[in-house]
**Q** 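Quick one: structure below, then a few questions.
Please read all numbers here as calculations on a predicted model, not as lab measurements.
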Amino acid sequence: MEFDEETIPTRDELARLTKDSDGQCLYKWQHCSITQQLLTKPVVACEMGQLYSKQAVIELILSEDRSSAPTRTGHIEKLKDIVELQLTPNPAYDDK
């Protein structure tokens, strides 16, 4: 769906454009934002709410060339920029 400058989108159209599908949302909660691999303990988060595997963040901080790193990680410069999360499994969750 494309809009030109003279078109005013309706509320329905805006909701469809901004709505995140369940699959994408679940992917963000289960995968590291740097490596795109499944999260491994310990899990950390930045001030933007992105989830990372701590090992990936340490490798990112220690690397001298950050050109291959995602642009959304530019605000992570030291370990004080992240917080380690104490996650516990949900006993009511059924993986099936």
Side-chain angles (χ1 to χ4, degrees):
M1 176 181 311
E2 295 182 28
F3 301 107
D4 58 10
E5 56 192 48
E6 297 177 8
T7 305
I8 299 174
T10 64
R11 182 176 176 180
D12 293 347
E13 292 168 335
L14 288 173
R16 273 185 262 142
L17 289 175
T18 59
K19 187 175 182 181
D20 205 12
S21 71
D22 290 337
Q24 289 175 337
C25 193
L26 185 61
Y27 185 86
K28 290 178 185 178
W29 282 98
Q30 294 180 341
H31 292 80
C32 175
S33 293
I34 297 172
T35 62
Q36 304 305 319
Q37 304 216 351
L38 283 174
L39 287 169
T40 57
K41 288 186 180 181
V43 177
V44 296
C46 67
E47 63 187 13
M48 308 290 276
Q50 298 289 322
L51 299 178
Y52 308 98
S53 295
K54 190 172 186 178
Q55 183 66 32
V57 173
I58 291 172
E59 290 173 7
L60 175 74
I61 292 171
L62 293 176
S63 70
E64 298 201 7
D65 181 26
R66 291 180 80 163
S67 62
S68 62
T71 56
R72 64 184 172 274
T73 60
H75 63 284
I76 301 175
E77 298 175 355
K78 53 191 177 287
L79 285 178
K80 288 187 176 185
D81 294 333
I82 59 170
V83 62
E84 191 168 329
L85 304 177
Q86 302 299 322
L87 302 176
T88 57
N90 181 355
Y93 177 70
D94 186 17
D95 197 15
K96 296 176 184 173

**Q** Among residues at least two apart in sequence or on other chains, which ones pass salt bridge (charged side-chain N to carboxylate O under 4.0 Å, His left out) with Lys41?
**A**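 Here no residue qualifies.
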**Q** Does the side chain of Ile58 reach to within under 4.5 Å of the side chain of Leu79, using non-hydrogen atoms?
**A**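 Of all side-chain heavy-atom pairs linking Leu79 with Ile58, at least one is under 4.5 Å.
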**Q** List in chain and number order the residues that pass side chain to side chain contact (heavy atoms under 4.5 Å, CB included) with Leu38, two or more places apart in sequence or in another chain; answer none if no residue qualifies.
**A**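 Once residues adjacent in sequence are excluded, the partners of Leu38 under the side chain to side chain contact (heavy atoms under 4.5 Å, CB included) criterion are Gln30, His31.
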**Q** Rounded to the nearest 0.5 Å, what separation is found between the CD1 atom of Ile82 and the CG atom of Leu60?
**A**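 Ile82 CD1 to Leu60 CG: 9.5 Å, rounded to 0.5 Å.
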**Q** Keeping to residues at least two apart or across chains, list the salt bridge (charged side-chain N to carboxylate O under 4.0 Å, His left out) pairs with something in residues 67-82.
**A**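 Of all non-adjacent pairs touching residues 67-82, those that pass salt bridge (charged side-chain N to carboxylate O under 4.0 Å, His left out) are Lys78-Asp81.
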**Q** Only pairs under 3.5 Å count here: list side-chain donor-acceptor contacts from residues 43-55, not counting sequence neighbours, and write none if there are none.
**A**
| from | atom 1 | to | atom 2 | distance (Å) |
| --- | --- | --- | --- | --- |
| Gln50 | OE1 | Ser33 | OG | 2.8 |
| Ser53 | OG | Thr40 | N | 3.1 |
| Ser53 | OG | Thr40 | OG1 | 3.4 |
| Lys54 | NZ | Glu84 | OE1 | 3.1 |
| Gln55 | NE2 | Glu59 | OE2 | 3.2 |

**Q** Tell me every residue that passes side chain to side chain donor-acceptor pair (under 3.5 Å) with Asp65, counting only those two or more places apart in sequence or in another chain.
**A**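 Partners of Asp65 under the side chain to side chain donor-acceptor pair (under 3.5 Å) test: Ser67.
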**Q** Answer yes if Leu87 and Val83 sit in the same cluster of Ile, Leu, Val, Met, Phe, Trp and Tyr residues linked by side chain heavy atoms under 4.5 Å apart, and no otherwise.
**A**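 Same cluster.
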